[in-house]
Amino acid sequence: MSNLQALIFDVDGTLADTERDGHRMAFNAAFDEFGIGWHWDAPVYGELLSVTGGKERMRHYYDNHAEAKNIPDDFKQRLDQLIPRLHQAKTRHYTGLLATGAIPLRTGVERLLREARERGLRLAIATTTTPENVTSLLEHTLGRESIDWFEVIAAGDIAPAKKPAPDIYDYALQTMQLPADACLAFEDSGNGIQSSRGAGLTTVVTINDYTADHDFTDAAIVLDHMGEPDDPFTVLAGDAGGRRFLDCDLLNDLHQQAQC
Ligand code: XBP
Ligand code: MG
């Protein structure tokens, strides 16, 4: 029997498909609100996702994309002060979008969370996005009480360095006073698995449209989603032992295999 004690979840792309139709739309709404003239289409946003953190992403866009510099001079002169304000506006737009119920949890997520709780597994979150975005997503998908399901919501600027650095997962482990080998991480991206593996965590990956071609060599298993009894997952790498959806028995098997 494995000594699996806790599950640590990434948020964006893992708990919900939040990027293309959520965060991206919120960034564009903030750009329009400020009249900066930027607009991120889906392909450009997919490139920009290589940089984690919304503030860092906007800075990267200005520094690396020629069209980003077609902005009024006074915006350029005060960009460092402007980016945090743009990000606050973006977060307001994003949480407003979440409140409409427009972004559901991904397949199998609610079922697995509820089963894990019934089985006494401890739950945590380790994400690059802001705490506000996490609590808003939980409130508008599972209900406000679900925020308390997670012992720690390690999010955003709380860690010195964002993913792919391991800091946010290290912070979650330290807060829970657990060793990495007593836990499993759940991720969706190359930056995410670099972070979780950097913290020594066995990692389950569910890909999405933006991350299907990322390198998940180091994953315990790679799935298209967590599956449901009537909507089985596809195993893209690794061995699910013939199972059709991610449940606690499969998690225990994956955890035990990783300890060998
Ligand atoms: C994904 C990110 C975040 C979001 C945008 O986080 O990198 O930056 O794209 O959210 P994760 P913010 O996959 O670690 O959950 O604008 O709040 O950063
Ligand atoms: Mg993610």
Side-chain angles (χ1 to χ4, degrees), residues 7-31 33 38 40 42 44-61 82-98 103 105-106 109 124-138 141 150 152-172 185-199 201 203-212 214-216 219 222-223 225-226:
L7 308 180
I8 309 177
F9 292 88
D10 164 56
V11 174
D12 294 306
T14 300
L15 291 186
D17 249 334
T18 57
E19 294 291 1
R20 190 190 61 201
D21 302 331
H23 286 298
R24 181 179 70 92
M25 309 299 278
F27 278 110
N28 287 332
F31 299 155
E33 181 182 330
W38 291 347
W40 290 348
V44 164
Y45 191 65
E47 285 171 45
L48 295 173
L49 276 173
S50 62
V51 177
T52 59
K55 297 188 288 293
E56 296 80 354
R57 192 168 299 145
M58 287 186 275
R59 181 79 247 185
H60 170 84
Y61 175 65
L82 197 56
I83 282 178
R85 290 178 51 221
L86 271 166
H87 196 245
Q88 283 165 358
K90 174 263 173 181
T91 300
R92 172 169 32 86
H93 286 289
Y94 179 67
T95 52
L97 191 60
L98 291 175
I103 300 185
L105 294 180
R106 291 192 67 186
V109 169
I125 278 174
T127 175
T128 307
T129 195
T130 60
E132 185 179 357
N133 288 347
V134 179
T135 54
S136 181
L137 176 70
L138 293 173
T141 52
F150 301 87
V152 55
I153 296 180
D157 297 330
I158 202 161
K162 290 185 168 70
K163 299 176 184 177
D167 302 42
I168 199 74
Y169 279 102
D170 287 336
Y171 174 86
F186 298 77
E187 272 288 350
D188 72 300
S189 69
N191 280 329
I193 193 170
Q194 279 186 59
S195 177
S196 60
R197 292 298 295 142
L201 285 154
T203 301
V204 173
V205 168
T206 48
I207 65 165
N208 56 63
D209 292 348
Y210 275 132
T211 67
H214 288 195
D215 178 6
F216 296 121
V222 182
L223 307 168
H225 53 71
M226 292 184 189

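Bear in mind that the values here come from a model prediction, so they are computed numbers and not experimental data. In listed order, ligands and their atoms are each counted from 1.
- At the top of the distance list for atom 4 (C) of ligand 1, counting protein heavy atoms only, stands Glu19 OE2, 3.4 Å.
- In summary, the atoms of ligand 1 found under 4.0 Å from a heavy atom of Val11, numbered by their order in the structure, are 15 (O).
- Shown in contact with His23 at under 4.0 Å from a heavy atom are these atoms of ligand 1, numbered in order with element: 4 (C), 5 (C), 10 (O).
- The protein heavy-atom contact nearest to atom 6 (O) of ligand 1 is Asp12 OD2, 3.2 Å.
- Among all non-hydrogen protein atoms, the one lying nearest atom 8 (O) of ligand 1 is Gly53 N, 2.9 Å.
- With 2.8 Å as the limit, Glu187 does not count as an N, O or S neighbour of the Mg ion (ligand 2).
- In this structure, the protein non-hydrogen atom closest to atom 11 (P) of ligand 1 is Asp10 OD1, 2.9 Å.
- A heavy-atom distance below 4.5 Å is found between the side chains of His23 and Tyr45.
- Using a distance-only test at 3.5 Å, with no hydrogens or angles considered, no donor-acceptor pair links the side chain of Ser196 to the main chain of Ala185.
- Put simply, CG on Leu105 and CE on Met226 are 9.5 Å apart, with the number rounded to the nearest 0.5 Å.
- Distances shorter than 4.0 angstrom occur between a heavy atom of Tyr45 and an atom of ligand 1.
- A salt bridge is absent between Lys162 and Asp167; no separation between the charged side-chain nitrogens and carboxylate oxygens falls under 4.0 Å.
- Counting heavy atoms closer than 4.0 Å to ligand 1, residue Lys163 contributes side-chain atoms (C-beta onward) but none from N, CA, C or O.
- When only non-hydrogen protein atoms are considered, atom 7 (O) of ligand 1 lies nearest to Arg57 NH2, 3.0 Å.
- Less than 4.0 angstrom separates some heavy atom of Asn133 from each of these atoms of ligand 1: 17 (O).
- For atom 18 (O) of ligand 1, the closest non-hydrogen atom on the protein side is Gly54 N, 2.7 Å.
- Under a 4.0 Å criterion applied to the non-hydrogen atoms of Thr130, ligand 1 contributes the atoms 17 (O).
- When non-hydrogen atoms are compared, ligand 1 lies under 4.0 Å from the side chain of Phe27 (C-beta onward) but not from its backbone.
- Screening Thr18, Asp188, Asp12 against Asn208 for a side chain to side chain donor-acceptor pair (under 3.5 Å) leaves a single residue, Asp188.
- A heavy-atom distance below 4.5 Å is not found between the side chains of Val51 and Tyr61.
- Ring-centre distance between Phe27 and Trp38: not below the 6.0 Å cut-off.
- Protein heavy atom at the shortest distance from atom 17 (O) of ligand 1 is Thr129 OG1, 2.7 Å.
- When the N, O or S atoms of Asp188 are ranked by distance to the Mg ion (ligand 2), OD1 comes first.
- Distance alone, capped at 3.5 Å, is enough to place a donor-acceptor pair between the Asn191 side chain and the Ser50 backbone.
- Take the Mg ion (ligand 2) as the corner point: the lines to O of Asp12 and to OD2 of Asp10 open at 90°, to the nearest 10 degrees.
- For atom 15 (O) of ligand 1, the nearest non-hydrogen atom of the protein is Thr127 OG1, 2.6 Å.
- Side-chain contact between Ile193 and His214 is absent, with no heavy atoms from C-beta onward closer than 4.5 Å.
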